[in-house]
Amino acid sequence: MAVRQYATFEVDGQYFGVDVARVQEVFRHHDRTPVPLAPPTVAGLINLRGEVIPAIDVRTRMGLPRRESGDPMNVVVRDGDEVVSLLVDSIGDVSEADDAAVEPPPTTITGPARDMILGAIPQEGRLLLLLDVSRTVDVNQELGREDALA
Amino acid sequence: MDGMDEIVQEFVIESHENLDQLDRDLVALEQSPGSRELLSSIFRTIHTIKGTSGFLAFGRLESVAHVGENLLSRLRDGVQEMTPGTTDVLLAMVDVIRELLETIERTGAEGEVPVDTVVARVTAVIEGTSESAPTAEPAAEATAPTLVDVAATEKKPARKRAPRAKVATAEVEVEVTAVVAEPVAEVAVEVPTAVAAVAAEAEPGEAPARRSATESSIRVDVDLLDSLMRLVGELVLTRNQVVRSAATQTDVALVRATQRLNLITTELQESVMKTRMQPIDNLWSKLPRVVRDLSNQLGKQVVLEMHGKETELDRTLLEAVKDPLTHLVRNAVDHGVETPEIRTAGGKPATGVLGLKAYHEGGHVVVEVTDDGAGIDPEIIGRIAVKRGLVTTDQLDRMRREEILDLLFRPGFSTAAAVTNVSGRGVGMDVVRTNIEKIGGMVDVESAVGKGTTWRLTIPLTLAIVQALTVECAGERYAIPQVAVHELVSVDTTGPGVEYVAGAPVYRLRGRLLPLVRMDDALGVGGRENTGPIFLAVVQADGRRFGMVVDRVLNTEEIVVKPLSSRLKGAGVYAGATILGDGRVALILDVQALARRTQLAAEAVAAVEAETEAKVEGTATDTVRLLVASVGDRRVAVPLDSVTRLEDFPLSAVEHVGHREVVQYRGEIMPLVRLGRLLGSYDEAPGESLPVVVYSERGRSVALAVDRIVDIIDGNVDARSDLDDSGLIGSAVIQKKVTEMLDVRQAILAADPRFFESADVHVGAEV
């Protein structure tokens with residue numbers, strides 16, 4: 001049985017995990033340049049050591065309420081050739097879990113978040129939700145614009 | 001290797017690339033028959049092959065490509081339907097072309113490759129006689145297995161080639177070349193992304209291997225240089241940051257090291273850019289032969305004069321400019337320069353002069369193609385454009401000369417009366433423009449009937465670093481590629497300037513209405529009331545000119561273009577992003593895309609211009625559009641439909657004929673009456689210039705001078721009184737101010753008593 005490591009973070013009181021292999025780095029608040037006319041989920045562009053990468057607000061993406069205070073953290077993930085930063089509330093530890101422990105996503109999850117959860121791992125009184133990175137960063141799907149872009 | 005060999009070599013490499021594209025397109029076409037886009041793409045490819053083979057004197061190749069092009073042009077224009085048989089024939093044609101190219105590559109000549117059968121088959125399809133079983137002629141036989149391959153591997157390709165560009169990875173690439181089984185091709189399969197490796201290994205030895213090597217080594221070179229260029233771009237930005245922070249330091253050693261870093265970086269940047277630069281002569285050296293062969297073929301006498309051969313251009317750009325430039329040259333010989341008989345009859349020397357000129361100008365390279373031929377007659381262009389349904393007669397009437405000439409760049413426009421072997425199939429100027437704009441350049445044309453034509457390409461020096469104007473809008477900075485910016489105008493919002501027509505803001509720039517786009521509105525970040533002066537960047541794109549209203553103009557600087565994440569392509573108005581000196585990201589605007597967003601405003605302007613220039617027809621409705629002007633301390637309104645034009649004359653332009661004031665206007669003497677004097681208000685506003693309202697009819701014009709044009713409004717003239725005064729027909733409250741209605745007829749008569757003599761018409765003054 002394979003044991004995987006998950007980088008964990010918190011968004012609106014919920015606890016998420018992403019396969020560490022997908023995570024490039026994590027850093028604090030960073031200057032963002034807004035992108036007018038882009039989907040609202042795109043929180044801006046970040047200069048990451050000379051590369052321009054988009055930042056995607058996980059709250060907006062999941063239809064959760066806006067962040068009221070405090071600067072978000074950046075979880076920089078790779079999706080194919082692209083590097084995208086996910087804006088989250090706070091960063092947690094790296095958590096290990098056996099693949100066998102992964103359960104199907106709870107049926108209580110509704111809204112846009114439903115499509116982005118691969119599974120759930122129960123852990124000491126809380127549920128670690130495994131985030132589907134590719135779906136999360138696919139902001140065009142959010143607007144149903146794949147056709148327009150094809 | 002002599003010069004000719006090199007040309008042939010390049011042609012073969014390029015054509016092989018084209019054929020790969022062609023195979024993909026043809027296969028895709030079978031899935032979506034009748035796709036005009038695909039047909040156009042195939043058509044252009046064949047057109048290019050035909051053109052080049054023509055001047056390299058590969059007669060067989062040209063004849064095959066020529067019939068193929070004929071068939072494709074019929075398919076593209078919908079004259080003929082696409083059938084499976086048609087695809088077979090097209091593929092057979094492509095295979096024969098491939099075979100010819102391979103023979104040329106091996107032997108330098110076309111050899112004995114039979115082409116008659118395929119030509120006959122294509123001709124048969126065109127004539128609709130029959131397309132039964134593929135014939136058993138040797139050429140067709142040789143290609144038959146390949147054909148099967150293509151059909152069978154549509155979904156699961158026999159082999160995927162190393163992706164040459166990321167764009168292509170999503171598509172199914174079908175390898176159908178004859179070299180399929182060769183070892184070099186195998187290498188390409190094993191090395192997934194590094195095309196570089198293939199190139200490095202292959203030695204230019206025996207013919208087949210050399211082909212594959214040269215094919216990829218060129219691209220690899222550019223890729224490597226691209227990444228080198230990118231790194232240097234990073235270095236430049238980092239250097240800027242270091243230099244900025246070092247400026248505040250007192251550590252002498254650090255300051256000294258920083259200076260050194262500064263120098264080295266600059267030098268490195270220049271060197272790297274230089275490695276990518278090639279003199280434009282690399283392109284031009286092929287043109288004398290093009291011109292010679294073409295002029296012989298057409299029975300014309302043309303000398304080619306070249307200036308600025310040594311002007312250097314980024315290699316990638318040079319490649320991109322090659323086809324457009326060749327097309328312009330061929331076009332100039334074909335359509336521009338007249339035959340010796342016509343030239344002599346017109347008093348010109350029998351030999352025409354075709355000039356090529358390249359020079360640097362403001363961070364760009366300008367390439368001009370000039371001929372001293374017949375020139376382009378806007379009337380003919382206009383007529384054809386109407387006939388082709390590109391514009392309506394109404395639209396045409398309102399177009400300026402340059403706008404009419406610009407129609408040449410519309411897709412589907414071709415002026416050649418007959419389809420010749422040379423040009424004139426509607427593939428052409430639109431492709432030229434598309435290709436040039438793709439690399440961030442511009443193309444325009446100037447022409448004088450009987451004197452000649454100049455085509456001007458403005459090309460950026462390099463793709464990676466562009467000159468850009470940085471502006472501020474809603475607190476954020478944006479970069480606009482300098483090539484699109486014509487001028488910057490600062491407009492005082494308190495003075496005359498910005499007007500609203502049909503709700504769309506316009507600015508009267510030197511007498512022409514310039515549609516304005518507020519950048520904050522266009523980007524949906526609006527919500528700002530501007531009280532100070534506003535700044536207009538006058539930009540041109542898609543042949544349309546508009547003014548972009550920005551909050552502040554910051555700087556002109558070189559920026560390093562970063563590709564934008566594919567996730568943001570949907571926004572559609574950005575050409576990329578860049579990192580500014582302070583490390584913040586700024587978006588680069590795609591002016592072309594923004595131009596398309598301004599369509600609405602432009603249409604509104606066109607509508608108003610139509611209205612303004614329309615003949616007076618009287619007004620029936622209650623709501624009339626009024627031009628409000630101030631005269632002394634009074635406000636005077638004129639129905640807009642009695643106004644032909646608004647002009648601004650310098651005071652010094654006012655001359656006297658007898659006791660009357662006149663101005664010279666469009667080569668005529670136009671009587672001028674100052675409304676202030678007519679209405680008995682003599683305290684004229686001092687000023688350098690005199691805004692006038694021009695009223696024209698049947699070739700006669702008069703100018704009514706006012707102090708200031710205030711506004712154009714939709715007047716609801718309910719609240720009016722008939723307090724009559726000399727020269728007025730009443731007054732009304734407009735925009736909370738009492739505004740007097742001018743008796744236009746009387747005012748005109750005051751300026752020109754004989755104005756209405758020829759035909760007494762009713763002037764729409766009774767509002």
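A note on names: the letters A, B, ... follow the listed sequences, proteins ahead of strands, and every chain is numbered from 1.
Looking at A:I53, there are no atoms closer than 4.5 Å to chain B (heavy atoms on both sides), in backbone or side chain. Contacts between A:V83 and chain B at a heavy-atom distance below 4.5 Å are absent for every atom of the residue.
For A:R78, the CZ atom is densely surrounded, since the number of other residues' heavy atoms within 6.0 Å is greater than 12.
Shortest non-hydrogen contact noted between B:L587 and A:L45 is CD2-CD1, 3.5 Å. When every heavy atom of B:Y574 is checked against every heavy atom of A:L37, the shortest pair comes out as OH-N, 4.5 Å.
Considering B:I579, B:L580, B:V585 in turn, B:V585 is the only one that fulfils the side chain to side chain contact (heavy atoms under 4.5 Å, CB included) rule with A:T33.
For residues 11-22 of chain A, the set of pairs meeting the salt bridge (charged side-chain N to carboxylate O under 4.0 Å, His left out) definition, not counting sequence neighbours, comprises A:R4-A:D19, A:D12-A:R59, A:R22-A:D79.
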Mind listing the side-chain donor-acceptor pairs of residues 118-128 of chain A below 3.5 Å, one per line with the distance, residues two or more places apart or on another chain?
unit_1: A:Q123; atom_1: NE2; unit_2: A:S95; atom_2: OG; d: 2.6
unit_1: A:R126; atom_1: NH2; unit_2: A:Y15; atom_2: OH; d: 2.3

- List the steps and the verdict of side-chain contact (heavy atoms from CB on, under 4.5 Å) for B:R584 and A:N47. CA-CA 7 Å; B:R584 235 179 118 81; A:N47 168 11; over 6 Å; no
